[in-house]
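Every number for a ligand or one of its atoms is a count from 1 in the order of the listing. Here the structure is a predicted model, which means the values were calculated and not measured.
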Amino acid sequence: MRRPVQLSLIRNIAAWLMPAARPARGLSRPKAVRSAPDLQQLWRTLREEYFPECRHIDEFVVTWSKRRQKRVLASCNIRRRVVHVAQELAPQELEGWLSPLLHHEMCHAALGEKIERRGRKRCWHGREFKRLAARHPLNGSLERWIRGGGWLSAVRSHRSRASAALRRKRAVDG
Ligand SMILES: [Zn+2]
């Protein structure tokens with residue numbers, strides 16, 4: 001009976017890479033959001049390669065999420081111009097996924113809110129989005145990695161690393 005589980009995982013992939021569901025009011029972002037230099041540099045490189053004309057995309061702040069994630073690999077808040085990436089993806093062995101992931105969020109940034117609607121619902125991953133996302137050579141591999149349980153095991157090992165660190169700290173603190 002593995003099929004239903006897999007189907008729900010596939011359905012959830014869209015949610016894992018969604019733009020932030022509730023955009024903040026107003027157009028400014030709080031000063032508290034500090035960019036992560038490596039992510040910001042990768043964002044810039046991707047922008048120059050895939051969206052050379054869309055210089056406004058450079059204004060987005062790209063940073064690690066402070067919250068622990070179970071579901072969301074990355075999110076793009078179009079109005080606040082902030083991209084958060086799950087800290088679970090920080091280990092070096094996962095570094096290769098950051099490029100297709102940031103590219104995915106960049107496609108949201110490029111399209112903004114001018115996207116297809118189905119009735120009242122916005123299609124964040126509509127036809128135009130998919131066309132843009134497919135330009136990154138690892139777009140399909142990222143989806144397969146998520147679908148194949150790669151993300152879930154990243155979440156699990158992040159959790160066990162965190163609790164091991166806590167145990168070490170407790171041992172030191174007595
Ligand atoms: Zn998305």
Side-chain angles (χ1 to χ4, degrees), residues 6-25 27 29 33 35-36 38-54 56-90 94-155 158:
Q6 285 193 341
L7 281 177
S8 74
L9 281 182
I10 291 164
R11 212 176 304 131
N12 280 334
I13 284 174
W16 278 332
L17 303 167
M18 275 289 274
R22 238 180 306 148
R25 293 170 195 281
L27 288 166
R29 59 177 171 252
V33 182
S35 79
D38 293 356
L39 292 177
Q40 199 72 51
Q41 182 55 53
L42 177 56
W43 180 261
R44 179 68 183 257
T45 307
L46 287 165
R47 200 279 298 162
E48 284 167 355
E49 186 173 350
Y50 292 97
F51 297 94
E53 269 103 68
C54 304
H56 71 277
I57 291 175
D58 290 345
E59 290 164 20
F60 278 66
V61 170
V62 188
T63 190
W64 296 106
S65 171
K66 288 194 181 66
R67 276 186 242 158
R68 284 216 223 161
Q69 302 293 344
K70 262 193 285 190
R71 239 169 60 87
V72 181
L73 283 83
S75 64
C76 178
N77 191 313
I78 293 160
R79 294 200 184 165
R80 291 175 63 203
R81 287 170 287 145
V82 178
V83 172
H84 280 104
V85 178
Q87 51 178 293
E88 284 79 357
L89 294 169
L94 302 175
E95 211 176 49
W97 297 121
L98 294 176
S99 176
L101 184 65
L102 285 189
H103 179 263
H104 177 108
E105 302 309 328
M106 189 169 288
C107 295
H108 286 305
L111 289 173
E113 295 182 77
K114 284 174 246 145
I115 48 162
E116 301 154 46
R117 283 170 186 268
R118 215 171 274 155
R120 281 183 148 192
K121 254 187 146 182
R122 282 193 263 213
C123 299
W124 291 108
H125 301 100
R127 202 185 299 170
E128 178 61 4
F129 180 90
K130 288 205 171 91
R131 189 188 67 78
L132 288 178
R135 296 192 301 165
H136 194 290
L138 292 177
N139 179 55
S141 311
L142 174 65
E143 287 194 12
R144 283 190 293 279
W145 177 73
I146 296 169
R147 219 178 277 162
W151 162 245
L152 289 182
S153 73
V155 169
H158 183 267

K.L.:
Classify the side-chain pair E49/T45 by whether it contains a donor and acceptor separated by less than 3.5 Å.
P.N.:
no

K.L.:
Looking at the Zn ion (ligand 1), is one of the N, O or S atoms of C107 less than 2.8 Å from it?
P.N.:
no

K.L.:
Could you tell me whether E113 and R79 have a side-chain N and a carboxylate O separated by less than 4.0 Å?
P.N.:
yes

K.L.:
Give, rounded to 10 degrees, the angle between NE2 (H108) and NE2 (H104) as seen from the Zn ion (ligand 1).
P.N.:
110°

K.L.:
Which label fits H125 and H108: parallel for a plane angle under 30°, tilted from 30 to 60°, or perpendicular past 60°?
P.N.:
perpendicular

K.L.:
Below 30° counts as parallel, above 60° as perpendicular, anything between as tilted: where do the rings of Y50 and H136 land?
P.N.:
parallel

K.L.:
Answer yes or no for C76: is there an N/O/S atom below the 2.8 Å cut-off from the Zn ion (ligand 1)?
P.N.:
no

